[in-house]
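Report on the following structure.
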Amino acid sequence: MSTATTDTGEAIVDWYATAARDLPWRRPDVDAWAVLVSEVMLQQTPVARVEPVWRDWMARWPTPAALAAETPAEVIRAWGKLGYPRRALRLREAALAIVERHGGVVPDDVPTLEALPGIGTYTARAVACFGYGRPQPVVDTNVRRVVARLVHAKAEAGTARAADLEDIAALAPTDPERAVRFSVATMELGALVCVAGTPRCAVCPVRDSCAWRLAGYPAHEGPPRRVQKFAGTDRQVRGRLLDVLRAAAQPVEAAELDAAWDDAVQRSRCLDSLLTDGLVEQTPDGLFRLPHS
DNA sequence: TACCCGTGGGG
DNA sequence: TCCCCAAGGGT
């Protein structure tokens, strides 16, 4: 069983003070909009690739109203190669909703945030916590791995459970400011020390109360996590097609898209799905481009 | 619940 | 080279 308590949480907060990365969206002067943008960009995309895009993005669209006034085409281009470009569309849609429903102010409570496009359980809590200083337990992939090891003596986290939220909340300090810090600190611990590959237990601030370590590092049980293929999938084809359109200053003919992928059936299916998703539009004369509305 | 949705760096 | 995986969300 676990020996982790709120003392463990306090130790993680203390560790964070000495080990945290200096990331731009953690500066004290950033507002909730800047935090929201960073959190959406960080969904499944590593910090190093997000950082330069986030800087450009915030300089160009410093408020929800500024982004809401932009065309999808410009937003998709600015998203660059962060991946999963539907996130860019949803971020713009979230900006529109913030302007229309909330007077241009990012909401500060979890249920209202969760109602925005592209904002789910994790991101809503992250914005409330990091953007507004509201103590909230947050559960991302890092936190799930830390909880699995520290509390449950498991090598890996299983699929997300509602109980994850309670598990991490049980370790949080009672002081509100330290509880806020604890949420980001636990994520940081998972990102820097309690990593997915080879964990760096020698420098872990809570190794003495880690259930997994105390149990002798038992190996993962159950089915291995299946890896997503990429080469040859629709995701790759969609990426190729979008690449052509991002680079094009003018609408392009279908023949130009044909060069992006040999398999005509798959190519057609992917172009259709991009049209359905609103990532591509067809002009009245049958050409293709990033959507202008 | 399981699957789909991009991209690229590191072991 | 190949494989793992990275601050998830929507369906």
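Numbered from 1 within each chain, the chains take letters A, B, ... in sequence-line order.
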* To do: Give, for atom CG of Leu91(A) and atom CG of Leu36(A), the distance between the pair rounded to the nearest 0.5 Å.
  => 6.5 Å
Would you find more than 12 non-hydrogen atoms of other residues, nucleotides or ligands less than 6.0 Å from [X] atom [atom1]?
X: Glu253(A); atom1: CD; value: no
X: Glu177(A); atom1: CD; value: no
X: Asp262(A); atom1: CG; value: no
X: Asp22(A); atom1: CG; value: no

* Asked: Between Phe182(A) and Ile12(A), does a side chain to side chain contact (heavy atoms under 4.5 Å, CB included) hold up when you go through it step by step?
  -> CA-CA 7 Å; Phe182(A) 171 73; Ile12(A) 294 173; 4.1 Å; yes
Determine the interatomic distance between [atom1] on [N] and the same-named atom on [M]; round to the nearest Å.
N: dC3(C); M: dG6(B); atom1: P; result: 22 Å
N: dG8(B); M: dG9(C); atom1: P; result: 23 Å
N: dC5(B); M: dA7(C); atom1: P; result: 22 Å

* Structure fact -> Apart from Leu290(A) itself, members of its ILVMFWY cluster (side-chain separation under 4.5 Å) are Ile76(A), Leu89(A), Val237(A), Leu241(A), Leu242(A), Val244(A), Leu245(A), Val252(A), Leu257(A), Trp261(A), Leu271(A), Leu274(A), Leu275(A), Leu279(A), Val280(A), Phe288(A)
* Please go through Trp212(A)'s hydrophobic cluster and name the other residues, only I, L, V, M, F, W, Y counting, with side-chain heavy atoms under 4.5 Å joining them. => Tyr217(A)
* For the pair Glu74(A) and Arg60(A), evaluate side chain to side chain contact (heavy atoms under 4.5 Å, CB included) and give the outcome as yes or no after the intermediate values. => CA-CA 11 Å; Glu74(A) 282 309 298; Arg60(A) 187 170 179 184; 2.8 Å; yes
* To do: Only pairs at least two apart or in different chains count here, so list each salt bridge (charged side-chain N to carboxylate O under 4.0 Å, His left out) that has a residue in residues 148-160 of chain A.
  => none
* Hey, could you give me each pair passing salt bridge (charged side-chain N to carboxylate O under 4.0 Å, His left out) that has a residue in residues 182-197 of chain A? Not counting sequence neighbours. => Arg21(A)-Glu188(A), Arg26(A)-Glu188(A)
* To do: Before giving the answer on salt bridge (charged side-chain N to carboxylate O under 4.0 Å, His left out), spell out for Asp167(A) and Arg161(A) the whole-Å C-alpha distance, their side-chain angles and the decisive distance to 0.1 Å.
  => CA-CA 10 Å; Asp167(A) 287 342; Arg161(A) 312 165 299 133; 3.0 Å; yes
* To do: Give me the residues of residues 178-190 of chain A where at least one heavy atom lies under 4.0 Å from an atom of DNA chain C, by number, or none.
  => Met187(A)
* Asked: Reading nucleotides 1-11 of chain B from the 5' end, what letters show protein touch, with B for base, S for backbone sugar-phosphate only, - for no heavy atom under 4.0 Å?
  -> --S-BBBB---
* Set of side chain to side chain donor-acceptor pair (under 3.5 Å) partners for Arg49(A), sequence neighbours left out -> none
* Among residues two or more places apart or on two chains, list those pairs meeting side-chain hydrogen bond (donor to acceptor under 3.5 Å, both in side chains) that have a residue in residues 90-103 of chain A. => none
* Heavy atoms of chain A, cut-off under 4.0 Å: which first and last nucleotide of DNA chain C, 5' to 3', fall inside that, if you could look? => dC4(C) to dG10(C)
* With sequence neighbours left out, write down each residue that passes ring pair (Phe, Tyr, Trp, His ring centres under 6.0 Å) with Trp25(A), or none if nothing qualifies. => Trp54(A)
* To do: Give, ordered by number, those residues of residues 10-41 of chain A having at least one heavy-atom distance below 4.0 Å to an atom of DNA chain B; if nothing qualifies, reply none.
  => none
* Which of residues 125-148 of chain A sit near DNA chain B, with a heavy atom under 4.0 Å from it? -> none
